[in-house]
Amino acid sequence: MDGVERGRDVLVVAGPGDTQDAILSAVAAQELDAEVLTDLERLPRPWRSAGTVLVADDQAERVVARALPHRGGVFLVGADPAELSVWSAPLAAQVIPLPEGGAWLGSVLADGAARARAPVVAVVGGSGGVGASTLAAAIAQVAGERVAPGGSGGSALVDADPTGGGIDLLLGAERTGGWRWPRLSGAEGQLGDLRGYLPVVDGVSVVSMARGPSVDLAREPLAAIVASLRAWHSLVVVDPGRSLAPATREAVRLAGRQLVVVGAGVRGAAAARQTIAVLGLERAELVVRAGHGALSSGLVAEAVGCPVVVRLPDEPGLLAAAERGEPPARGARRQYRRAVGELVADLVGEEPGNG
Ligand SMILES: Nc1ncnc2c1ncn2[C@@H]1O[C@H](COP(=O)(O)OP(=O)(O)OP(=O)(O)O)[C@@H](O)[C@H]1O
Ligand SMILES: [Mg+2]
């Protein structure tokens, strides 16, 4: 499913030779993560998930013969533009002639669009105060501690809850300089790498509401910011809040995974069911908050009508940690960190226990 698993940045379909060498040195210069393939049986999956596909002259005819689904971001690279242009229409690909087009190849790869897209997860409270924002911050924090194989690591945490008071407080980032929503709310179209502008704590780039006059966060800037963050992080976590504001709706729409935190009691389950219906969460999966009732996860799943991904232990220290401005997972007990770690592994499509 789109938005669930981050593929490699660049798929290189090229046999050994000068074209492959030129492509790989351009990819390495941008510190991108590449997969080189000539076994076309294995092509369909990376063809779907890679940010950019570079097909060398020696493989173009074979790739066309595969009749793969249409996708953007495909380039044909080689020494003979006339020969390559024959394959350009069936692959909807632009032709980059070498060596003259070397600089163009570099700029294609330097663009954020060349990168694979990180998954987006929204964390929604099934009822008020059930721990959604805290879990969003903990997921971002644990994901931020990991660095992806391609070097593009870190996570992003996006606050889209106008009444939440600013999620930067939960990470102790309120005094960390950097842009917040008021500064970003005019964003549109394709943006570059925002990491240098945002507050960063424990490997988490934070896009927070500011205290002071509230911003009317519209759909477009949220979509533009999330799209940019996906190119430069390994996971994007959004806290949409529970309002019916346009930004909340857009945040859950953008998310490939929609986690709903639900108290393990009859009222918590009933409220979560309503929340899922009202917000139209078609991909809802449940995180059961133990300590909020005595129902088993199975019964909660049945009552809400959605699968449970994890049961989150009660972590009494979280309230005090938040007051001190200490990121939630930092001082938490092992069971809590383990539950969040399992969730992160699942979200980024890793086998559990990988780091
Ligand atoms: N696993 C947990 N164990 C114990 N307390 C928790 C846990 N998760 C969150 N809390 C505490 O519950 C309270 C509410 O948490 P949080 O603000 O994250 O909830 P929320 O669902 O985002 O609330 P809101 O509906 O206001 O957005 C906080 O005091 C927080 O420290
Ligand atoms: Mg909240």
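Order of listing sets the numbers, starting from 1, for every ligand and every atom in it. One is the number of the first residue; the rest follow in order along the sequence.
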Show which atoms of ligand 1 fall inside a sub-4.0 Å distance from at least one heavy-atom site of [X].
X: G128; answer: 25 (O)
X: Y336; answer: 1 (N)
X: E315; answer: 1 (N), 2 (C), 3 (N), 4 (C), 5 (N)
X: P313; answer: 1 (N)

Using a 4.0 Å heavy-atom cut-off, say whether A322 meets ligand 1 through its side chain, its backbone, both or neither.
neither
Would you call [X] and [Y] a salt bridge, using N to O less than 4.0 angstrom?
X: D159; Y: R180; value: no
X: E145; Y: R337; value: yes
X: R66; Y: E41; value: yes

Protein residue, atom and distance nearest to [atom], heavy-atom basis:
atom: atom 10 (N) of ligand 1; value: R289 NH1, 4.0 Å
atom: atom 26 (O) of ligand 1; value: G129 N, 4.1 Å
atom: atom 18 (O) of ligand 1; value: T134 OG1, 2.5 Å

Can you find an N or O of [X] that's nearer than 3.5 Å to an N or O of ligand 1?
X: G131; result: yes
X: G125; result: no
X: A132; result: yes
X: S127; result: no
X: L170; result: no
X: R242; result: no

Hey, is there an N, O or S on T134 sitting under 2.8 Å from the Mg ion (ligand 2)?
no
Would you name the heavy atoms of V120 and R230 that are closest together and state the gap between them?
CG2-CD, 3.4 Å
Tell me, with the steps shown, if R211 and D168 meet salt bridge (charged side-chain N to carboxylate O under 4.0 Å, His left out).
CA-CA 10 Å; R211 283 148 296 276; D168 51 353; 2.8 Å; yes
In the structure I gave you, are the side-chain heavy atoms of [X] and [Y] within less than 4.5 Å of one another anywhere?
X: V123; Y: V237; answer: yes
X: I167; Y: M209; answer: no
X: V10; Y: E35; answer: no

So with a 6.0 Å cut-off around CG of D39, is the heavy-atom count from everything else above 12?
yes
Atom CD of E100: over 12 foreign heavy atoms under 6.0 Å:
yes
Using side chain to side chain donor-acceptor pair (under 3.5 Å) as the criterion, list what pairs up with R42, not counting sequence neighbours.
none
If you scan the protein for heavy atoms around atom 2 (C) of ligand 1, do you find one that is closer than 4.0 Å?
yes
Filtering I167, L319, V340 for the heavy atom nearest atom 29 (O) of ligand 1 leaves L319
